[in-house]
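Some notes on the structure that comes next.
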Amino acid sequence: MTENRANQCIECVVTSCAHHCQNQNYCTLDRILVGSHETTPTMEQCTDCMSFAKK
């Protein structure tokens, strides 16, 4: 289980993620992997947090 420690280098507002810091809009992971669901992303909506884990 992820500890509830805010990593202030990674802001996050996805509260349905298991790595979201419950009392602040930060991630609790030390690092994340950002990827894409498209081969050639052209907009920010094309990128994804590959470290996401559903609560």
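Count residues from 1 along the sequence.
Here the side chains of Val14 and Cys49 are not in contact, with every heavy-atom distance at 4.5 Å or above.
Within the model, atoms CG of Asn7 and CD1 of Ile10 stand 4.0 Å from one another, a figure rounded to the nearest 0.5 Å. Atoms SG and NE2, on Cys17 and His19 in that order, are 5.0 Å from each other to the nearest 0.5 Å. Taken to the nearest 0.5 Å, the CG atom of Leu33 stands 10.0 Å off from the CG atom of Asp48. Distance check: His20 NE2 to Cys27 SG gives 8.5 Å after rounding to the nearest 0.5 Å. With rounding to the nearest 0.5 Å, the separation of SG in Cys12 from CD in Gln24 is 12.5 Å. To the nearest 0.5 Å, atom CG of residue Leu29 and atom CZ of residue Arg5 are 8.5 Å apart.
Cluster annotation: Val34 and Met43 are assigned to distinct hydrophobic clusters (Ile/Leu/Val/Met/Phe/Trp/Tyr, side-chain heavy-atom contacts under 4.5 Å, transitive).
Nearest heavy atoms, Glu11 versus Tyr26: CG-CE2, 3.6 Å. Scanning all heavy atoms of the two residues, the minimum distance from Cys46 to Ser36 falls at O-OG, 2.7 Å. For the pair His37 and Gln45, the tightest heavy-atom approach, listed with the atom from each and the gap, is CE1-O, 3.3 Å.
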